[in-house]
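Below is one structure, written out as structure tokens, with a few remarks after it.
Because only heavy atoms are used, hydrogens play no part in the values below, and waters and symmetry mates are left out as well, while side chains stay in.
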Amino acid sequence: MSPNPPFTECVTPPPGSSADPRQMARRLQELIEQIQAQPNPAARALLQECLQTLLAFYGEGLERILQQVQASGAEGKKILDRLLRDPAANALLIIHGLHPQGLEERLHGALEKVRPYMQSHGGNIELLGFENDVARVKLEGTCKTCPSSTITLELAVRKAVEEACPDLLGFEVEGVALEPVAV
């Protein structure tokens with residue numbers, strides 16, 4: 001009998017694990033930090049290589065799945081649209097560089113999604129610039145002088161941007177400093 005568990009046991013989620021992509025991403029970050037803290041350099045290198053190989057393996061599989069979906073015509077387009085609305089599938093496509101929309105296009109989409117909400121409060125949002133994966137926006141209209149503009153921004157704009165652009169390195173609002181969006 002082999003001392004290593006079968007591959008299927010290695011990929012089975014731990015009991016009680018959540019399917020929430022954000023929780024899984026946080027847990028993955030914790031595990032990566034534990035790998036980096038390993039005192040044995042050989043073990044640390046082996047664990048990092050294992051993680052990189054696993055990510056490459058999944059990325060290759062996802063790319064092949066995406067190719068099949070995209071080659072399926074109108075039905076494939078419907079499937080892809082549903083996948084892009086799924087937070088976990090969307091995040092995986094972004095992580096593996098397979099998302100069919102670039103970061104700037106997803107950012108514009110997020111701002112368009114939240115624009116009606118901003119307008120319903122007498123304001124608007126303008127993209128001032130996008131450089132080095134950092135977006136700069138400005139609140140316009142009554143939202144600009146509204147005492148709760150930061151709250152409005154946090155509740156609407158930030159949520160929409162985080163969902164569409166978890167790979168955005170920074171998000172600056174004229175007159176308001178926000179922490180970078182975390183992946």
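When the salt bridge (Lys or Arg N to Asp or Glu O under 4.0 Å) test is applied to Glu131, no partner is found at least two apart in sequence or on another chain. In this structure, the side chain to side chain contact (heavy atoms under 4.5 Å, CB included) partners of Ile32, at least two apart in sequence or on a different chain, are Leu28, Gln36, Leu51. Scanning for side chain to side chain contact (heavy atoms under 4.5 Å, CB included) contacts around Leu83 gives Ile79, Ala89, with sequence neighbours left out. In terms of the side chain to side chain contact (heavy atoms under 4.5 Å, CB included) criterion, Asn132 has no residue partners (sequence neighbours excluded).
For the pair Leu80 and Ser72, the minimum side-chain heavy-atom distance is 4.5 Å or more. Counting only heavy atoms from C-beta outward, the side chains of Val134 and Phe171 never approach each other to under 4.5 Å. In this structure the side chain of Leu111 never reaches within 4.5 angstrom of the side chain of Met118, judged on heavy atoms.
Here the CD1-CG distance, from Ile95 to Asn90, works out to 10.0 Å after rounding to the nearest 0.5 Å. Here the CG-SG distance, from Asp133 to Cys165, works out to 9.5 Å after rounding to the nearest 0.5 Å. Residue Gln68 holds its CD atom at 11.5 Å from CD of Glu63, rounded to the nearest 0.5 Å. Taken from CD in Gln52 to CG in Leu47, the straight-line distance is 11.0 Å, to the nearest 0.5 Å. With rounding to the nearest 0.5 angstrom, the CD atom of Gln48 is 10.0 Å from the CD atom of Gln38. Note that the CG atom of Leu92 and the CG atom of Asp86 stand 9.0 Å from one another [nearest 0.5 Å].
For the residue pair Ala160 and Ala110, the shortest heavy atom distance occurs at O-CB, 3.5 Å.
Tyr117 and Val161 fall within the same hydrophobic cluster, defined by Ile, Leu, Val, Met, Phe, Trp and Tyr side-chain heavy atoms under 4.5 Å apart, directly or through other members. The hydrophobic clustering, which links ILVMFWY residues whose side-chain heavy atoms are closer than 4.5 Å, places Leu93 and Leu168 apart. One hydrophobic cluster, built from ILVMFWY side chains closer than 4.5 Å, cannot hold both Leu62 and Ile94; they sit in different ones. Ile125 and Leu103 end up in the same hydrophobic cluster when Ile, Leu, Val, Met, Phe, Trp and Tyr side chains are linked at under 4.5 Å. Hydrophobic cluster membership differs between Leu98 and Tyr58, with clusters built from Ile, Leu, Val, Met, Phe, Trp and Tyr side chains linked at under 4.5 angstrom.
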(message) Please evaluate residues Glu126 and Val137 with respect to the criterion side-chain contact (heavy atoms from CB on, under 4.5 Å), reporting the C-alpha separation (whole Å), side-chain torsions for both, the decisive distance (0.1 Å), and the verdict.
(response) CA-CA 5 Å; Glu126 177 188 353; Val137 299; over 6 Å; no
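Between Arg26 and Glu30, no side-chain nitrogen of the basic residue sits less than 4.0 Å from a carboxylate oxygen of the acidic one, so the salt-bridge criterion is not met.
For residues 97-112, the set of pairs meeting the salt bridge (charged side-chain N to carboxylate O under 4.0 Å, His left out) definition, not counting sequence neighbours, comprises Arg106-Asp167, Glu112-Arg115. The stretch residues 33-60 participates, sequence neighbours left out, in these salt bridge (charged side-chain N to carboxylate O under 4.0 Å, His left out) pairs: Glu60-Arg64.
A distance-only check finds a donor-acceptor pair linking the side chain of His99 to the backbone of Gln101 [under 3.5 Å].
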